[in-house]
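Structure record follows, encoded as structure tokens.
Ligands are counted one by one from 1 in listed order, and the atoms in each one are counted from 1 as well. Just so it is clear, the structure is predicted and the values come from calculations on it, not from any experiment. Index from 1, following the sequence.
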Amino acid sequence: MNVTRTLVAIALLGAAGMAHAAGNCTISLKGDDAMKFDQKEATVSAGCATITVELAHVGKLPAAAMGHNVVISKTPDMAGITKDAIKAGAAKNYIPDGDARVIAHTKIIGGGETTKITFPGKALTAGGDYSFFCSFPGHSTMMKGKLVVTK
Ligand code: ZN
């Protein structure tokens with residue numbers, strides 16, 4: 001009987017159990033031709049090894065006219081990012097180059113398209129003030145929501 005190996009196995013089981021209890025690790029949003037997300041609030045856990053952000057554009061309009069993305073930032077950074085996003089333009093998916101305020105973002109998609117990204121949960125702090133929004137010019141006034149981050 002190898003006691004050390006047994007203890008390691010128990011420790012690993014414990015860690016796996018904790019990871020499982022991390023809470024929600026996926027945000028699934030729908031955007032439409034009425035410039036709206038289907039949710040005003042989403043919850044994820046900072047304890048997730050990986051957080052997945054899924055976006056489905058359920059409208060019909062092309063990306064040039066009604067493009068949507070999902071950007072995650074601290075709420076106070078949102079206004080500055082959306083302002084600089086206009087300068088970055090469509091070719092950059094309305095994301096300023098190397099912008100440290102942007103915690104995560106998807107590309108811009110049009111009607112009928114879907115996209116998905118992942119980022120580490122440790123990029124977020126439990127209890128912090130975060131938002132998700134669309135950085136297409138003019139959209140963030142309506143296309144925004146609160147991102148609640150749990151432990
Ligand atoms: Zn949009």
- Item | Backbone or side-chain N/O/S of Gly67 under 2.8 Å of the Zn ion (ligand 1) | yes

- Message: Just to confirm my numbers, could you give the angle made at the Zn ion (ligand 1) by SG of Cys134 and ND1 of His68, rounded to 10°?
- Response: 130°

- Task: Work out which heavy atom in Ile109 is nearest to a heavy atom in Ala63; give both atom names and the distance.
- Result: C-CB, 3.9 Å

- Message: With ring pair (Phe, Tyr, Trp, His ring centres under 6.0 Å) as the rule and sequence neighbours excluded, what pairs involving residues 49-83 come up?
- Response: His57-His68, His68-His139

Show which side-chain atoms of residues 115-133 pair as donor or acceptor with protein atoms under 3.5 Å away, not counting sequence neighbours.
unit_1 : atom_1 : unit_2 : atom_2 : d
Asp129 : OD1    : Thr75  : OG1    : 2.7
Tyr130 : OH     : Thr125 : N      : 2.9
Ser131 : OG     : Thr75  : OG1    : 2.8

- Item | Closest approach to the Zn ion (ligand 1) by His139, given as the N, O or S atom name | ND1

- Note on the structure: Here the pair of heavy atoms bringing Tyr94 nearest to Ala85 is O-CB, 3.1 Å

